[in-house]
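Okay, so here's the structure we're looking at.
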Amino acid sequence: MKYVPGRSAALPLMFIAIAARLFCELALLYPDAHNAAWLCPIAGLLLYLPFAFALQRAAALGNDSAWGNLESRLPRFLSVLILLVLGALLLLDASAMMDVAAGTASFSIGDKAVITLELPLAALLALMVLLGPDAAGNNARIGLYILGFLLVILALTQITIYRPGWIAPILGGGIHSILTGALRCAGSMALLSLIWLFAVPDRARFGPMLWGSVACLLAAVLLLGLQMLSPTFVGTELLRPARMEILLNNGRVAISLQFVYLIAWYGGLLHLLSSEAVTAACIVKRLLPGLKLWIVALLEGIVVLLLSGSERAQAFLAGTTAAWLFPVISMLLLVSMATAGLAKGGGRKCGESSAS
């Protein structure tokens, strides 16, 4: 059996992963935009839409997945190189998100030993790889209803304490910070859309253009609500633990609602980790179709755990390198589509694809 998701399973997982990743990016990892954080996903959407359109065009080339259609037309060395880069990016970002999820757990239970909290997350990541991408996607479909219900509760119960004045000044940290934030958002959206790149056709009617756009707008709305609950600290350099404390406990929301918010936040992060793990596994199984799935799961869990505990890797991800994510992924897709378009009859026969 091929290790690939159906598009109807991939899209809900992609949706939750994008919304959670953008919210995490602007609320916790990139504070430079200040009051304009909610504008960054919207600006990033303008960059992402051409990328999503290209994905859907690749899917229209044949009856296989978007990557399957391209891969059958690409030289072997080029397809392997592209898959290696995409897989490495997914595992690096998964390590950053595991660090955030473990930090959340540490904040919630008061345990400062973050590494001990990363071990069960690595085990969960490996388990999702074993269950497969369709299981992760169907789980995300259920999660859409649960997380959506929790978010509606939070929004309705907090209407009276929103402070619209805290959104000003609209441009926050300035145009440059907004554009940088937009580029980071577009990169995260492109990375998390890769699961659809490997998804095979089924009953799904829509693609990443619609689902990615709605997820992006949802993240913008959530960021807007967050900024009306807690004022932005301008001119003060806060460390990530301090930003997380403000994010999860701003002192203005009832304790019962903080618990609901924590469930929604942590649930979104788990779906995000699941999405990156199974997408990376799809890549590994294409590169090494004979590799046992339990070995893939074990290796992914170990690699992400090691990267998450590496200060050098986390510093690399937290720096300005995040802004290069979108250009790199876009260039890889552009090169593959251009090469596939120039190929006559495909560099390899469809039956020689490394899909597994």
Side-chain angles (χ1 to χ4, degrees), residues 11-49 52 97 100 140-141 143-173 177-179 181-190 192-193 206 208-232 243-244 246-250 252-253 257-258 260-269 271-272 275:
L11 287 170
L13 188 57
M14 185 191 85
F15 179 90
I16 296 182
I18 287 178
R21 186 65 179 83
L22 297 189
F23 184 80
C24 177
E25 179 72 28
L26 276 305
L28 191 61
L29 304 179
Y30 181 71
D32 297 19
H34 301 313
N35 305 76
W38 66 280
L39 292 175
C40 294
I42 298 175
L45 179 60
L46 300 178
L47 297 173
Y48 170 75
L49 285 176
M97 293 302 100
V100 170
R141 184 180 289 109
L144 279 176
Y145 294 101
I146 297 175
L147 296 179
F149 177 69
L150 295 178
L151 292 177
V152 169
I153 290 177
L154 290 171
L156 293 178
T157 53
Q158 293 175 164
I159 287 179
T160 57
I161 62 173
Y162 284 142
R163 296 292 183 267
W166 283 346
I167 300 173
I170 295 295
L171 295 182
S177 66
I178 295 175
L179 294 178
L183 196 57
R184 294 171 71 111
C185 288
S188 296
M189 294 176 72
L192 296 170
S193 296
F206 302 103
M209 288 187 70
L210 176 63
W211 284 74
S213 298
V214 177
C216 181
L217 295 176
L218 173 62
V221 171
L222 293 176
L223 287 165
L224 187 63
L226 176 67
Q227 291 179 254
M228 289 190 292
L229 287 174
S230 179
T232 302
R243 295 199 298 271
M244 183 174 290
I246 294 172
L247 176 65
L248 299 177
N249 180 17
N250 58 32
R252 302 182 64 240
V253 180
L257 290 181
Q258 290 176 14
V260 174
Y261 180 68
L262 186 62
I263 294 175
W265 164 262
Y266 204 72
L269 289 177
H271 282 295
L272 170 55
S275 174

Spacing of [atom1] belonging to [X] relative to [atom2] belonging to [Y], to within rounding of 0.5 Å:
X    : Y    : atom1 : atom2 : answer
L224 : L39  : CG    : CG    : 8.5 Å
L26  : L226 : CG    : CG    : 10.0 Å
L147 : W265 : CG    : CH2   : 13.0 Å
S275 : R21  : OG    : CZ    : 11.5 Å
N35  : L223 : CG    : CG    : 12.0 Å
L49  : L210 : CG    : CG    : 10.5 Å

ring-ring contact (aromatic ring centres under 6.0 Å, His included) partners of Y48, counting only residues at least two apart
none
Would you say [X] and [Y] make side-chain contact, with heavy atoms under 4.5 Å?
X    : Y    : result
S193 : W211 : no
F23  : L272 : no
F206 : V214 : no
L47  : M189 : no
L29  : V100 : yes

Considering non-hydrogen atoms only, spot the tightest contact between [X] and [Y] and give its length.
X    : Y    : value
M14  : G212 : CE-N, 3.8 Å
C40  : S177 : SG-O, 4.3 Å
A219 : A19  : CB-O, 3.9 Å
I42  : A220 : CG1-CB, 3.9 Å
A140 : H271 : CA-CE1, 3.6 Å
G143 : I16  : C-CD1, 4.0 Å

Report the C-alpha separation of V221 and L217 in whole Å, then their side-chain angles, then the decisive distance to 0.1 Å, and conclude whether the side chain to side chain contact (heavy atoms under 4.5 Å, CB included) test is met.
CA-CA 6 Å; V221 171; L217 295 176; 5.6 Å; no
Check whether any side-chain N or O of S213 sits under 3.5 Å from a backbone N or O of M209 as a donor-acceptor pair, and report yes or no.
yes
With a 3.5 Å distance limit and no angle check, can you tell me whether Q227 reaches the backbone of I167 through a side-chain donor-acceptor pair?
no
